[in-house]
Amino acid sequence: MKLLYIIGIWGYTLLIRIFSLFNPKAKLFINGRKNIFSSIAQKINPAEKHIWFHFASLGEFEQGRPVLEKLKALYPAKKIIVTFFSPSGYEIRKNYALADVFYLPIDTDANAKRFIASINPELAIFTKYEFWHFYFKELKDQGIPLYVISGIFRESQAFFKWYGDFYRNILKCVTYFFVQNKESENLLKSIGLNNVTISGDTRFDRVYENAQSPKQLNIIESFIDGAPTLVCGSTWPEDEKILSGLSQEYPNWKFIIAPHETHESHIESIEKQFSVGSIRFSVFSSQLEVNSSQISDLKSKILIIDNIGMLSSLYQYGKVAYIGGGFGTGIHNTLEAAAFGLPVIFGPKYDKFQEAKDLIAIGAGKSISSTEELIDAFNTFIDNQPSADAARKYVDDKKGATDQIVSVITKSDQP
């Protein structure tokens, strides 16, 4: 099985190299890892101890960020290393002020030994998932504590199958698991891993903090101009298709669409879907810079966000949220919207997301499969204060995982 793992890693890397010839994201994945160790050597003193956080992508970064920032506040002199697997995390947070940020080198025995020697971690913290054989083994061999926070496990995963010995051995390298739910705790204990506690999901702490002091966006305020607004987050083409029908039914509403992918072809496809009354954020903002009085002449009802990084602040301007991804592999983050008291609507593929199930159960969320169902759900949430209150309370009641995790880590290791 180890040989198959190695072949899989190299096969995946080869495919990414091929895709990098024509795919911008794959190109970033490859180019970002070129001369990675030289870059680390220029910034990191291996004689100093560091706290290492690894995140798959941007969502996991935001999920684990409260723990990182709590540790930094407790130990301001400690230096932190952050690594990302995906360009969508690294490219947005590469200049993050509290840490030195790098791509994670591909998981090979040589890379793991060299990387860990280069950053000299006194502890490592992985968020939610990403279980790398050679990195985990090297941490264990060197006696470096390894924590998994906001972990979530499912029975369908290889760890819990009859053929999963190799993968179970990866988990055995973890010092302690902080998991989101009882199912995850039970699954780990079923394979003899009792070093686990249910701490909840640190995303609740992150979205709660964001909702308490969101970044004010004057351009967005100018666009909505007091009109009721639907904020559509992390949308894909399937989402945008049914949203276009909704926009025609509610001419007095404004729509803010923040797509998951912001490459030119996707932005153009959104403009075609919303051919009447749409404008790009970049165009709108440049027009205001030239002549702020133009705002009274603009008839645009649809604002297309053609950049990355604004979404978590956009929800403060909405009354209802639509969360994308539910017609693909699964919905994106519903909690950012719920924290602002927005009822959420999303597509049919949400079964792996407990928070989506919870929001439906308390009347603050609805799943839809068509434009007709979307209109019905939207009508339910218009001016529905109980749903808004329930969404906000749900987030408020679930926060607190960060303090629990940091308490255990600092008692165990004293960074």
Side-chain angles (χ1 to χ4, degrees), residues 56-60 63 88 128-129 152-157 180-181 183-184 201 203-204 207 229-250 253 255-261 266 269-270 272-274 302 304-305 311-312 314-315 318-382 384 386-388 390-391 394-395 398:
S57 191
L58 181 62
E60 289 72 36
Q63 189 169 28
S88 60
K128 193 174 182 179
Y129 47 57
I152 191 160
F153 295 89
R154 300 179 182 88
E155 191 174 1
S156 60
Q157 291 173 305
Q180 296 185 29
N181 55 29
E183 179 187 3
S184 297
D201 189 346
R203 283 185 304 163
F204 287 95
V207 299
T229 302
L230 173 69
V231 180
C232 309
S234 298
T235 60
W236 293 83
E238 296 87 347
D239 302 300
E240 292 140 14
K241 182 178 180 179
I242 66 169
L243 284 166
S244 64
L246 182 68
S247 68
Q248 297 169 18
E249 294 290 326
Y250 295 90
W253 277 67
F255 287 54
I256 298 175
I257 301 176
H260 186 69
E261 300 284 355
H266 190 192
S269 74
I270 299 173
K272 290 178 181 178
Q273 289 283 353
F274 299 88
I302 315 293
I304 304 169
I305 306 299
L311 181 56
S312 62
L314 291 176
Y315 290 117
K319 291 193 69 176
V320 182
Y322 178 92
I323 309 301
F327 290 90
T329 57
I331 61 173
H332 293 285
N333 192 340
T334 56
L335 295 180
E336 287 180 331
F340 284 103
L342 272 63
V344 293
I345 304 170
F346 40 82
K349 295 184 180 179
Y350 66 91
D351 57 295
K352 294 182 179 180
F353 302 88
Q354 185 60 49
E355 63 275 13
K357 298 176 185 178
D358 292 343
L359 288 167
I360 290 174
I362 63 174
K366 282 187 176 292
S367 173
I368 54 90
S369 298
S370 65
T371 298
E372 292 73 25
E373 291 181 4
L374 174 59
I375 292 172
D376 287 342
F378 190 70
N379 282 330
T380 299
F381 289 141
I382 291 176
N384 190 327
S387 293
Y394 174 70
V395 172
K398 295 261 182 192

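FYI, side chains are in, hydrogens and waters are out, and symmetry mates aren't considered; it's all heavy atoms of this structure.
In terms of modelled atom types and a separation under 3.5 Å, the side chain of Ser387 and the main chain of Gly363 share a donor-acceptor contact. For Arg154 (side chain) and Lys352 (main-chain N/O), a donor-acceptor pair under 3.5 Å exists by modelled atom type. Checking side-chain atoms of Thr329 against main-chain N and O of Gly325 turns up no donor-acceptor pair under 3.5 Å. Between the side chain of Glu60 and the main chain of Ser57, a donor-acceptor pair closer than 3.5 Å is present.
Here the closest non-hydrogen pair linking Phe353 and Gly330 is CE1-CA, 3.8 Å. Contact record, Cys232 with Phe255: SG-CD2, 4.5 Å, taken as the closest heavy-atom pair. In this structure, Ile302 and Ser247 approach most closely via the heavy-atom pair CD1-CB, 4.0 Å. Here the shortest heavy-atom pairing between Ser367 and Glu373 reads O-OE1, 4.4 Å. For Leu359 against Ala338, the heavy-atom pair with the smallest separation is CD2-CB, 4.3 Å. The two atoms that bring Gly233 and Leu311 nearest to each other are CA-CD1, 3.7 Å, heavy atoms only.
For the ring pair (Phe, Tyr, Trp, His ring centres under 6.0 Å) test, residues two or more places apart in sequence or in another chain that qualify with Phe204 are Tyr394. Among residues two or more places apart in sequence or in another chain, the side-chain hydrogen bond (donor to acceptor under 3.5 Å, both in side chains) test is passed with Asp239 by Tyr322. Applying the side-chain hydrogen bond (donor to acceptor under 3.5 Å, both in side chains) rule to Gln180 yields no partners; only residues at least two apart in sequence or on another chain are considered. Listed by chain and residue number, nothing satisfies the side-chain hydrogen bond (donor to acceptor under 3.5 Å, both in side chains) test with Thr229 (two or more places apart in sequence, or in another chain).
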Quiz prompt | Check against side-chain contact (heavy atoms from CB on, under 4.5 Å), Ile368 and Phe327 | solution = CA-CA 10 Å; Ile368 54 90; Phe327 290 90; 4.1 Å; yes

Exercise. Take Leu243 and Phe274, measure what side-chain contact (heavy atoms from CB on, under 4.5 Å) needs, and give me the verdict at the end.
Key: CA-CA 9 Å; Leu243 284 166; Phe274 299 88; 3.9 Å; yes

Quiz prompt | Evaluation steps, salt bridge (Lys or Arg N to Asp or Glu O under 4.0 Å), between Lys398 and Glu355 | solution = CA-CA 10 Å; Lys398 295 261 182 192; Glu355 63 275 13; over 6 Å; no

Quiz item: Does the pair Leu246 and Ile375 meet the rule for a side-chain contact (heavy atoms from CB on, under 4.5 Å), with working shown?
Solution: CA-CA 6 Å; Leu246 182 68; Ile375 292 172; 3.8 Å; yes

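Annotation: Lys366, atom NZ; neighbour count of heavy atoms from other residues, nucleotides and ligands within 6.0 Å does not exceed 12. Residue-environment remark: CD (Glu155) stays at or below the threshold of 12 foreign heavy atoms within 6.0 Å. Counting non-hydrogen atoms of other residues, nucleotides and ligands closer than 6.0 Å to NZ of Lys241 gives a total of 12 or fewer.
Under the side-chain hydrogen bond (donor to acceptor under 3.5 Å, both in side chains) test applied with His266, the options Glu240, His260, Glu261 reduce to a single match, Glu240. Each of Gln157, Gln354, Glu183, Lys128 was compared with Ile152 under the side-chain contact (heavy atoms from CB on, under 4.5 Å) criterion, and only Lys128 meets it.
One distance of note links CG of Leu374 with CD1 of Ile242; it measures 5.0 Å at 0.5 Å rounding. Taking OH from Tyr315 and OG1 from Thr334, the interatomic distance works out to 8.5 Å, rounded to the nearest 0.5 Å.
Counting only residues at least two apart or in different chains, salt bridge (Lys or Arg N to Asp or Glu O under 4.0 Å) contacts with residues 319-337 comprise Lys319-Asp383.
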Taking distance alone, no hydrogens or angles, what donor-acceptor pairs closer than 3.5 Å link side-chain atoms of residues 340-351 to residues at least two apart or in another chain?
residue: Lys349; atom: NZ; partner: Gly328; partner atom: O; Å: 3.2

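Using cut-offs of 30° and 60° on the angle between ring planes, the pair His332 and Trp236 is parallel.
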